[in-house]
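Just so you know, these numbers come straight off a predicted model, no measurement behind them.
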Amino acid sequence: MMMEKIKSILDKVIMTVCVAFFIVMVLLTTYQVVTRYIFKSPSSFSEVTTRYLFVWLILLSATYVFGQRDHICITALKDTFQGKTRKAINIFGECVIILFSVLILIYGGGAISGINMVQYDSILKIPTGIIYSIIPISGVLIVFYSILNIIKYAKE
């Protein structure tokens, strides 16, 4: 019950952040177009910020989709089974997602973020590791969602 409440709050936070990122991206892109075509002086700040927000938006949106169990999956094999076999296949799939998230997103993304903390973005003047930090963050969130999904499957 407590995990479901945490998931509900987390879903709302991720949705709110994604909507905010999208709004900021639209505003920055509009600003970029105005400064480029009307004032003939393009803004590099808005271009770079929009690009980084887009990456964050994609990864956070993908994380949210994993939490809703709406991600792309091939159900041909899973649909042929019923009962405990189907439950086992679903749990196995979630375990594969956890393994991928831990190895690639959390471990690999954390390593990339750490390596890039010494390199600074020339426009924003922040470490590029901060920009890459969304990779392990989304990995942790996907693991959390997958654990909740496993618990749901086990209870069914």
Exercise. Same cluster or not: are Met15 and Tyr145 linked, directly or through other Ile, Leu, Val, Met, Phe, Trp or Tyr residues, by side-chain heavy atoms under 4.5 angstrom apart?
Worked result: yes
Problem set entry | side chain to side chain donor-acceptor pair (under 3.5 Å) partners for Arg36, two or more places apart | none
For this session: Following the transitive rule for hydrophobic clusters with a side-chain heavy-atom cut-off under 4.5 Å over Ile, Leu, Val, Met, Phe, Trp and Tyr, establish whether Ile147 and Tyr107 coincide in one cluster.
Result: no
For this session: Output, in order, the C-alpha distance, side-chain angles, deciding distance and verdict of side chain to side chain contact (heavy atoms under 4.5 Å, CB included) for Thr50 and Phe54.
Result: CA-CA 6 Å; Thr50 302; Phe54 186 61; 5.5 Å; no
Exercise. Under the 6.0 Å and 45° cation-pi test, does Arg86 pair with Tyr153?
Worked result: no
For this session: Mind listing the closest non-hydrogen atom pair of Ile123 and Ser44 along with its distance?
Result: CD1-OG, 3.8 Å
Exercise. Could you state the interatomic distance from OG1 (Thr49) to CG (Leu124), rounded to the nearest 0.5 Å?
Worked result: 4.5 Å
Problem set entry | Over 12 non-hydrogen atoms of neighbours within 6.0 angstrom of OH in Tyr64 | yes
Exercise. Quick one: does Leu53's side chain get under 4.5 Å of Leu28's, heavy atoms only?
Worked result: yes
Problem set entry | Heavy-atom closest contact (Cys18 atom, Leu60 atom, distance) | SG-CB, 3.7 Å
Exercise. Of all heavy-atom pairs between Ser146 and Glu94, which one has the smallest distance, and what is that distance?
Worked result: OG-OE1, 3.1 Å
Exercise. Is there a path of hydrophobic side-chain contacts, each under 4.5 Å between heavy atoms of I, L, V, M, F, W or Y residues, that connects Ile104 with Val96?
Worked result: no
Exercise. Can you find a pair of side-chain heavy atoms, one from Ile130 and one from Met117, that are under 4.5 Å apart?
Worked result: yes
For this session: Decide whether Val48 and Tyr120 are clustered together by the hydrophobic rule: side chain heavy atoms of Ile, Leu, Val, Met, Phe, Trp, Tyr closer than 4.5 Å, transitively.
Result: no
Seminar exercise, completed: Minimal heavy-atom distance between Thr63 and Leu141, with the atoms involved, is CG2-CB, 3.3 Å
Problem set entry | Linked, directly or transitively: Val19 and Ile58 (ILVMFWY side chains, under 4.5 Å) | no
For this session: Calculate, to the nearest 0.5 Å, the distance between atoms OG and CD1 belonging to Ser138 and Ile106 respectively.
Result: 8.5 Å
Problem set entry | Validation row: Ile150, Ile98 side chains within 4.5 angstrom (heavy atoms) | yes
Exercise. Are side-chain heavy atoms of Phe144 and Leu10 found at a separation under 4.5 Å?
Worked result: yes
Seminar exercise, completed: In this structure, OG of Ser61 is separated from CH2 of Trp56 (nearest 0.5 Å) by 13.0 Å
For this session: Could you tell me the separation between the CZ atom of Phe45 and the OH atom of Tyr31, rounded to the nearest 0.5 Å?
Result: 9.0 Å
Problem set entry | Any Met3 side-chain heavy atom under 4.5 Å of Lys7 side chain | no
For this session: For residues Ser41 and Thr35, determine if any side-chain heavy atom of one lies less than 4.5 Å from a side-chain heavy atom of the other.
Result: no
For this session: Start with the C-alpha distance between Asn90 and Phe81, add both sets of side-chain angles, then the distance that settles side chain to side chain contact (heavy atoms under 4.5 Å, CB included), and finish with yes or no.
Result: CA-CA 11 Å; Asn90 286 334; Phe81 297 103; over 6 Å; no
Seminar exercise, completed: Interatomic distance, CG@Leu57 vs CE@Met25, rounded to 0.5 Å, equals 5.5 Å
For this session: State which residues pass side chain to side chain donor-acceptor pair (under 3.5 Å) with Glu4; sequence neighbours excluded, sorted by chain then number.
Result: none
Problem set entry | With sequence neighbours excluded, residues passing side chain to side chain donor-acceptor pair (under 3.5 Å) with Asp121 | Tyr52
Exercise. Does some side-chain heavy atom of Ser101 sit less than 4.5 Å from a side-chain heavy atom of Ile97?
Worked result: yes
Exercise. Any sub-3.5 Å donor-acceptor pair from Thr128's side-chain atoms to Asn116's backbone N or O?
Worked result: yes
Exercise. Hey, does Val34 have a side-chain heavy atom less than 4.5 Å from the side chain of Phe39?
Worked result: yes
Exercise. From Ile137 CD1 over to Ile142 CD1, what is the distance, rounded to the nearest 0.5 angstrom?
Worked result: 12.0 Å
